[in-house]
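Numbering of residues begins at 1 and proceeds along the displayed sequence. Both counts, for ligands and for their atoms, begin at 1 and track the order of listing. Hydrogens, waters and symmetry mates play no part in the numbers below; they use all other heavy atoms, side chains included.
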Amino acid sequence: MNKAQHITVSISVLSTDFVQLGANLQRIHMSGADSVHLDIMDGRFVPNISFGWSIAADIVKASRIPCGAHLMIERPEDAFDAMLATGVNEVLFHVEATRFPFRALDLLKRPGIRRGVAVNPATPVASVIPLLESLDTVLLMSVEPGFGGQPFLPGTLTKVRELRSAADRAGLSIRIAVDGGVDMSNATALRDAGATELSAGSAFFRATDPSAFVRALRGE
Ligand code: DX5
Ligand code: ZN
């Protein structure tokens with residue numbers, strides 16, 4: 001159980017109409033969400049392409065809340081400088097996308113920047129245990145990355161518990177984020193399992209009351 005930890009809510013604009021980006025950002029601001037989750041895809045690591053640095057920089061500039069990048073790209077190290085130049089304050093790369101995660105985390109060590117790894121549903125939690133001391137955040141994917149609007153994979157709950165216990169045993173208070181198919185039906189179970197950040201896209205933009213949605217995800 002992890003109820004003492006502050007739960008944050010991050011909103012992904014991936015599944016929205018990009019022509020309406022300004023209005024969608026406004027909806028995020030009004031909702032009281034903690035941050036914007038930027039899904040960067042290269043069409044290689046995942047079978048989809050989203051947007052790149054220039055649009056990311058525009059979103060960061062227009063955002064009144066912090067923005068974090070979820071890099072779903074091959075060779076993420078090559079993109080760190082361009083990503084950081086957009087003004088994001090967190091960069092997460094996929095542990096499956098690099099052979100040298102320690103080196104990548106080292107490259108991301110910059111003042112004021114949170115760093116971490118994202119983990120595909122089929123990748124065991126054990127693969128990130130050696131990295132825990134070198135990162136701030138582990139993002140557990142609860143769908144196969146690449147698309148918004150997919151159903152939540154319930155096996156994620158076991159992975160959150162496993163990761164939280166491993167971090168507790170190591171005395172580390174890492175952030176555990178969960179991304180994909182997050183909504184009001186699974187948020188309580190995720191918080192109880194030890195998740196500290198919930199990322200949501202389509203459920204947030206479907207919600208009739210966005211601020212009630214954000215509060216519900218936080219358990220308020
Ligand atoms: C999937 C992305 C997620 C996704 C979240 O590849 O990483 O951030 O857009 O959107 P929903 O909540 O629709 O699954
Ligand atoms: Zn994401």
Among the N/O/S atoms of His70, select the one at the shortest distance from the Zn ion (ligand 2) and name it. ND1

Report the atom name of the nearest N/O/S atom of Asp179 relative to the Zn ion (ligand 2). OD2

To the nearest 0.1 Å, how far is atom 12 (O) of ligand 1 from its closest protein heavy atom, and which atom is that? Gly201 N, 2.8 Å

Atom 13 (O) of ligand 1 - nearest protein heavy atom and its distance: Ser202 OG, 2.3 Å

Donor-acceptor under 3.5 Å ([X] side chain, [Y] main chain):
{"X": "Glu197", "Y": "Ser10", "answer": "no"}
{"X": "Arg191", "Y": "Leu217", "answer": "yes"}
{"X": "Glu96", "Y": "Thr123", "answer": "no"}
{"X": "Arg164", "Y": "Ile174", "answer": "yes"}
{"X": "Ser142", "Y": "Asp179", "answer": "yes"}

Geometric N/O contact [X] with ligand 1, under 3.5 angstrom:
{"X": "Met141", "answer": "no"}
{"X": "Pro145", "answer": "no"}
{"X": "Asp179", "answer": "yes"}
{"X": "Ser15", "answer": "no"}
{"X": "Leu14", "answer": "no"}

List ligand 1 atoms under 4.0 Å from [X], heavy atoms only on the residue side.
{"X": "His70", "answer": "7 (O)"}
{"X": "Gly149", "answer": "11 (P), 13 (O), 14 (O)"}
{"X": "Met72", "answer": "6 (O), 7 (O)"}
{"X": "His37", "answer": "8 (O)"}
{"X": "Ala200", "answer": "12 (O)"}
{"X": "Gly181", "answer": "11 (P), 12 (O), 14 (O)"}
{"X": "Gly180", "answer": "14 (O)"}
{"X": "Met41", "answer": "6 (O)"}

Any carboxylate oxygen within less than 4.0 angstrom of a Lys/Arg side-chain nitrogen, looking at Arg115 and Asp106? no

Under a 4.0 Å N-O cut-off, is there an ion pair linking Glu220 with Arg215? no

Is there a donor in the side chain of Glu77 and an acceptor in the side chain of Thr98, or the other way round, less than 3.5 Å apart? yes

Hydrophobic cluster identity match, Leu38 and Met41, side-chain contacts under 4.5 Å: no

For the Zn ion (ligand 2), angle spanned by His37 NE2 and Asp39 OD1 (nearest 10°) is 90°

Phe204, portion touching ligand 1 at heavy-atom distance under 4.0 Å: neither

Euclidean distance, Ser15 OG relative to Asn24 CG, rounded to 0.5 Å: 9.0 Å

Hey, does the Lys NZ or Arg CZ of Arg27 hover above the aromatic six-ring of Phe204, less than 6.0 Å from the centre and inside 45° of the axis? yes

What is the ring orientation for His37 with His70, classed by angle as parallel under 30°, tilted 30 to 60°, or perpendicular over 60°? perpendicular

